[in-house]
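Heads up: the structure comes next, in structure tokens.
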2 protein chains.
Amino acid sequence: MEKPHADLTREKILSSAFCEIHRKGFQAASLADILEATGLTKGALYYHFPTKQALGLAVVDEVVRTRLEERIFAPVRGAQRPLDRLVEVIEGIARESDAQGVALGCPLNNLMQEMSPLDEAFKERLSAILETWREVVRSALARAQARGEARDDFDCGAAALFIVAAFEGCIGVAKNMQSVEAFRSCMRQLANFVVTLKADRS
Amino acid sequence: MEKPHADLTREKILSSAFCEIHRKGFQAASLADILEATGLTKGALYYHFPTKQALGLAVVDEVVRTRLEERIFAPVRGAQRPLDRLVEVIEGIARESDAQGVALGCPLNNLMQEMSPLDEAFKERLSAILETWREVVRSALARAQARGEARDDFDCGAAALFIVAAFEGCIGVAKNMQSVEAFRSCMRQLANFVVTLKADRS
DNA sequence: CCCATTACATACCACTTGGTATGTTCTGTC
DNA sequence: GACAGAACATACCAAGTGGTATGTAATGGG
């Protein structure tokens with residue numbers, strides 16, 4: 001028989017840690033604050049996670065990755081018209097974002113900027129997620145090219161990397177400006193760029 | 001008579017603080033480490049700066065801003081052919097960057113991601129620099145349009161914001177991947193985008 | 001030469017941090 | 001219902017943090 005109660009507290013800690021890390025970053029995230037939000041204590045934390053780093057890595061693997069998988073990767077993967085779907089996803093993210101979401105930024109980008117130069121384990125996990133993202137976009141572009149939906153005079157890998165980079169860049173500057181409007185404008189430009197990759201149907 | 005010695009130690013602290021903040025971020029930057037690198041002590045620090053935040057803001061205003069001003073803003077401002085110069089600057093940054101520079105990322109972007117949601121004063125100073133950057137690019141695009149160097153079917157403000165965002169995005173992902181090659185590839189894509197803004201000379 | 005101000009150095013403080021060691025309760029098993 | 005391990009809670013600790021109070025050497029003016 002499994003023990004649902006233990007797993008539940010583990011997920012409560014994970015969820016609270018994600019929030020705290022999203023707000024303050026990993027280093028500035030206080031274990032005391034994370035626990036206070038759950039009503040638990042350090043005994044619970046260190047029973048489920050051996051160290052703060054392990055907690056952070058678990059947040060990356062089980063929360064950050066999952067969120068991106070559901071919201072971005074999955075929708076693009078199974079698209080019949082990959083290029084159009086790519087544009088839809090970009091515009092969808094822009095449309096659904098609110099002031100708070102813009103102010104906090106992308107959890108993946110936040111952690112990359114903070115932890116990549118400091119911690120090798122973080123860098124590898126985050127880099128893996130980024131690479132899947134890039135691969136999802138690259139594959140979409142390649143399929144679009146194969147279907148004649150996209151032009152075939154550009155390198156899919158390089159274009160995919162740029163699209164992901166610009167995506168995170170838009171979130172980044174909008175986070176600083178704390179302007180939903182700026183975010184949407186910026187994402188619209190990115191969508192326009194993707195549209196320029198479409199094949200001219202003459 | 002001015003006192004060059006005092007100003008010199010002030011700049012030594014500022015320079016060391018910039019390095020430390022560039023490496024570890026503002027919050028994780030230790031005043032003890034900053035001082036150790038200079039051979040000075042806390043007495044010197046708190047004589048010149050009332051608080052750690054003031055030191056950080058001074059770093060932003062006097063180091064980060066100056067660097068960007070010299071390396072990016074100034075070259076673009078006085079260009080006869082703004083669009084070409086913009087591409088040159090982008091390619092120049094890509095060409096001259098080394099492994100260490102890529103791994104550390106853009107100081108402005110690092111601080112924006114870390115401090116914007118946490119500290120209003122930081123957010124305002126950083127936002128001002130970002131706005132200057134955007135305005136420099138916007139003005140360049142507008143002049144390019146006026147001279148017929150660029151097409152005139154796009155919004156200069158929106159395009160400028162996107163260019164700056166993509167610029168920071170490229171640095172951001174390259175920082176995580178810790179790959180100079182990926183950075184150059186990404187920046188080349190950005191340069192290509194800027195080229196698409198050129199007027200078709202038929 | 002005296003003296004006040006500048007420009008630091010030294011010593012110290014309250015506080016928070018991640019981490020640990022120990023105690024306690026709950027749960028399932030025989 | 002005794003017993004064992006899981007699943008926590010409580011109390012505590014060394015280390016590091018930003019900040020301060022005080023001491024001191026250099027400097028320049030009268």
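Order of the sequence lines sets the chain letters (A, B, ...), proteins ahead of strands, with each chain counted from 1. When reading the values below, keep in mind they use all heavy atoms of this one structure, side chains included, and skip hydrogens, waters and symmetry mates.
Once rounded to the nearest 0.5 Å, the distance linking CG of L161(B) with CZ of R134(B) reads 4.5 Å.
The phosphate of dA7(C) (OP1 or OP2) has a side-chain N or O of Y47(B) nearer than 4.0 angstrom. Residue H48(A) places at least one side-chain N or O under 4.0 Å from the OP1 or OP2 atom of dC8(D). An OP1 or OP2 oxygen of dA7(D) is reached within less than 4.0 angstrom by no side-chain nitrogen or oxygen of T9(A). Taking side-chain N and O atoms only, S30(A) has no distance below 4.0 Å to OP1 or OP2 of dT16(C).
Following rounding to the nearest Å, F26(A) (CZ) and dT17(C) (P) show an atom-to-atom distance of 14 Å. One can place CZ of F49(A) at 16 Å from C1' of dG19(C), the figure rounded to the nearest angstrom. With rounding to whole Å, L45(B) atom CG is found 15 Å from dT10(C) atom C1'. Put simply, CD on Q53(B) is 13 Å from P on dG18(D), counting in whole angstrom units. The distance from atom NZ of K52(B) to atom P of dG16(D) is 15 Å, rounded to the nearest whole Å. Between the CD1 atom of I13(A) and the P atom of dC8(D) there is a distance of 8 Å, given to the nearest Å. Nucleotide dA6(D) holds its C1' atom 16 Å from the CZ atom of R10(A), rounded to whole Å. Between L40(B) atom CG and dT10(C) atom P there is a gap of 11 Å when expressed in whole angstrom units.
Checking dG18(D), dC8(C), dG19(C) against every side-chain atom of Y46(A), the shortest atom distance belongs to dG19(C). Among the nucleotides dT20(D), dT17(D), dC8(C), the one closest to any side-chain atom of A32(B) is dT17(D). Nearest nucleotide to the T51(B) side chain, out of dA7(D), dT10(D), dG19(D): dG19(D). Checking dA7(C), dA11(D), dC8(D) against every side-chain atom of K42(A), the shortest atom distance belongs to dA11(D). The side chain of L31(A) approaches dG18(C) more closely than any other nucleotide in the set dG18(C), dC8(D), dT10(C).
E181(A) and R184(A) are not joined by a salt bridge, as no carboxylate oxygen comes within less than 4.0 angstrom of a charged side-chain nitrogen. A salt bridge links E62(B) with R10(B): at least one charged nitrogen is closer than 4.0 Å to a carboxylate oxygen.
Looking at heavy-atom distances under 4.0 Å, A28(B) makes no contact with the nucleic acid at all.
Inter-residue side-chain proximity for L55(B) and L14(B) is flagged as met; some heavy-atom pair is nearer than 4.5 Å.
Aromatic ring orientation, F193(B) versus F162(B): perpendicular (interplanar angle above 60°, classes split at 30° and 60°).
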